[in-house]
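This structure is a prediction, so every number in the text was calculated from the model and none was measured.
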Amino acid sequence: MLVYHLPKTLTRLCIRFFTHPSRLPPHLQHTPTGSNYCIQSLCQQGDLKQAIHLLTQEPNPNIQTFELLIHSCSIKNSSFDARTVHKHVIDNGFDQNPFLATKLIGMYFELGLVESAWQVFDGICNRNLFVWNALFKGLVKVGRGDEVLGMYRRMNEGGGLSDSFTYTYVLKSCVAEKTGEGFVEGLDRVKEIHGHVLRHGYWGNLHVMTTLVDVYAKFGCVECAGFVFYGMPVKNVVSWTAMIACCAKNGKPFEAVELFREMIVETHGLVPNSVTMVSVIQACTALCAVEQGRLLHGYVLRKGLDLVLPVVNALVSMYARCGDLDIGRRVFDQMKRRDVVSWNSMISGYGIHGLGKKAIEVFEEMLHCGIQPSPVSFVSVLGACSHEGLLEEGKNLFESMERDHGVYPSVKHYACLVDLLGRANRLDEAAKVIEDMQIEPGPTVWGSLLGSCRIHCNVELAESASRRLFEIEPENFGNYSLMAEIYAQAEMWTEVKRIKNLIEARGIQKLTGCSWIEVEKGIYSFISADELNPKNEVVLALLMKLLTEIKKMGYVPHTKVVLYDTSEEKKESNLLGHSEKLALAFGLMNSNEGETIRITKNLRLCEDCHLVTKFISKFLDREILVRDVNRIHRFRDGVCSCGDYW
DNA sequence: TCCGGCTCAG
């Protein structure tokens, strides 16, 4: 009875109690307002079924009621109810209401019912900007970015003006499109939209500009991203983070860490958030900078960011990939909550160390905990099998993917399988797998086969794989160098020359070897040089001294990896300039006896460097850790953890 | 009244 006298605003506050018409105050019973209250109340309590039941009896539902009903359908992920509610929207004459149309479009995209979303959009005569934006947002969400640009043009032709939201969606749609229609076209579109953004005066808008930074980053254009970033009149944590992530993801981890420092030192009041931390931890992972990483871990703990799953996941991965697998495991074990990414981080951590059996163990533990494996879980565990040569286990896991877990093998999984078979010298079987594939093999799969051919010196199969690779990936230097290496191993020098001519004729950019090492919390990079750089004089002197010593122990330079047809002497000198050797010598000069040396390299470790590092680890009784693109090599007492099989 | 930017596993 009290409610009877309450003013309207207070009555609204009481809505949550009106879960049934009988609970309404008398003056609201059997009135449209009362029924609306009941439906809204039920939606808020999550009882969608009952709400819809009332809806069928309600003569006059209003816009707010429908808004809540639509929202509930998204939350409950119920397509059936969604269609019922939509039907009622139409029956009640709201089908031309732009507000509800926006909500309906959002709902249908949320439910993955793209065609229904389109129908709502097409049915609206007077579309306002919200309706357009809902369409763009939804299309990006469901990965149909390729349909955005055409609609954006149509909107412009119809005289519609964009706002900052429109630009962020349209920009993101270019990324979604990147994989589908080609890289260059996508990038051109970003530049085109960039022009629109500037012409319409959005150059100072934080959201739009940050999206631009991110989108350029996703295209790998660090320069363009930097241009936008440094041109921003006002920056906040998010824009800084976008730029840091851009560097971290695009092979410039060093710059990422520098930017992080700059952000903390030079800006006032900008506090890194969890996303910033994830990005900079990722950069440290790339650099094998575990000391930096430890400092960041401390910061994470002080700020209570260790409750944020992605942050801890990034830490687990950082320790594991930097060689501190045990610490990674400890962080993992202490997690209160784990998602599939946490598990995958741990699985791939074991994999990169060549501990396939441990990786399988963790994978099974994950299943036991009721976590549904993701496609990445299989990439990680199959990769781990491959590193330890666990052929049967790997094959069984591959077969179980679809059968037991409903995960369809993608090219990456096939690449793992081909690698697994190839490394085990089952090259014909590997080739058969490719032949029987239901999907287009693509460069990763052919690349796996070519890599295996290198291990087992199979020139014939390598030639057929490389022919395909040169066709589908004409710009990838790695393929040419791999093939040249295979010819060099077989001492087919004319063919080596032919490949080198091909590289020149096609104007392919050579990949420079680069190694990083952390010394006293500073990070140093070394670039491989064909000519010895006098700047590295001290480093080279130490290196030569070491080489003289290990030659006495039986080291013979592995000059076959040098693809120049030149004198043995010149070849040896070329080997000396490899970045990992320079980094190693630098590390030895700047560390204490007994300290582990950690180096990371952007390419595959060459046979000669591998050999030299083995000898040096024995000669100086040092543990040396080298992470190349594929795995971690732990050198101890003249032996490498990879078993010379990488 | 309706919508935004940056992150972890391969």
(Q) For chain A and DNA chain B, what are the first and last nucleotides along the strand, 5' to 3', with at least one atom under 4.0 angstrom from a heavy atom of the protein chain? (A)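 Both ends considered, the range comes out as dT1(B) to dG10(B).
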Q. Among pairs that include at least one residue of residues 198-211 of chain A, which meet side chain to side chain donor-acceptor pair (under 3.5 Å), considering only residues two or more places apart or in two chains?
A.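 For residues 198-211 of chain A: Y167(A)-H200(A).
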Q) Pairs in or reaching into residues 243-255 of chain A: which pass side chain to side chain donor-acceptor pair (under 3.5 Å), with residues at least two apart or in two chains? A)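 Every pair satisfying side chain to side chain donor-acceptor pair (under 3.5 Å) with a residue in residues 243-255 of chain A: there are none.
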Q: Please confirm whether the backbone N or O of V376(A) pairs with a side-chain atom of S380(A), one donor and one acceptor, at under 3.5 Å?
A: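 Between the backbone of V376(A) and the side chain of S380(A) there is a qualifying donor-acceptor contact (under 3.5 Å).
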Q: Give a yes or no answer on whether the side chain of T267(A) reaches the backbone of M263(A) with a donor-acceptor pair at less than 3.5 Å.
A: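 Here the side-chain-to-backbone pair exists.
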Residues from [range] lying under 4.0 Å of DNA chain B - heavy atoms:
range	value
residues 363-388 of chain A	S374(A), V376(A), V379(A), S380(A)
residues 202-214 of chain A	N205(A), L206(A), H207(A), T210(A), T211(A), D214(A)
residues 298-308 of chain A	none

Q: Test side chain to side chain contact (heavy atoms under 4.5 Å, CB included) on C369(A) and W343(A) and set out the steps.
A: CA-CA 11 Å; C369(A) 289; W343(A) 288 95; 3.8 Å; yes
NA contact type, [X], heavy-atom cut-off 4.0 Å: base, sugar-phosphate, or nothing?
X	answer
K141(A)	nothing
N236(A)	base
S164(A)	base
R338(A)	nothing
Y167(A)	nothing
K137(A)	sugar-phosphate
Q282(A)	sugar-phosphate

Salt bridge (Lys or Arg N to Asp or Glu O under 4.0 Å) against [X], all qualifying residues, sequence neighbours excluded:
X	value
E192(A)	R153(A)
R127(A)	none
R330(A)	none
D324(A)	R294(A), R598(A)

**Q.** side chain to side chain contact (heavy atoms under 4.5 Å, CB included) against V228(A), all qualifying residues, sequence neighbours excluded
**A.**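 Partners of V228(A) by the side chain to side chain contact (heavy atoms under 4.5 Å, CB included) criterion, ordered by chain and then number, come out as H194(A), M209(A), L212(A), V213(A), Y216(A).
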Side-chain donor-acceptor pairs of residues 95-112 of chain A under 3.5 Å, sequence neighbours excluded:
residue, atom, partner, partner atom, Å
Q96(A), OE1, C125(A), N, 3.0
Q96(A), NE2, G123(A), O, 2.8
N97(A), OD1, F99(A), N, 2.8
N97(A), OD1, L100(A), N, 2.9
T102(A), OG1, P98(A), O, 2.7
Y108(A), OH, H86(A), ND1, 2.8

Q.
Below 30° counts as parallel, above 60° as perpendicular, anything between as tilted: where do the rings of W132(A) and F136(A) land?
A.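 Ring orientation, 0 to 90° scale: tilted.
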Q. In terms of ring plane angle, is the pair F378(A) and H405(A) parallel, tilted or perpendicular, where the classes change at 30° and 60°?
A.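 Answer is tilted, since the angle falls between 30° and 60°.
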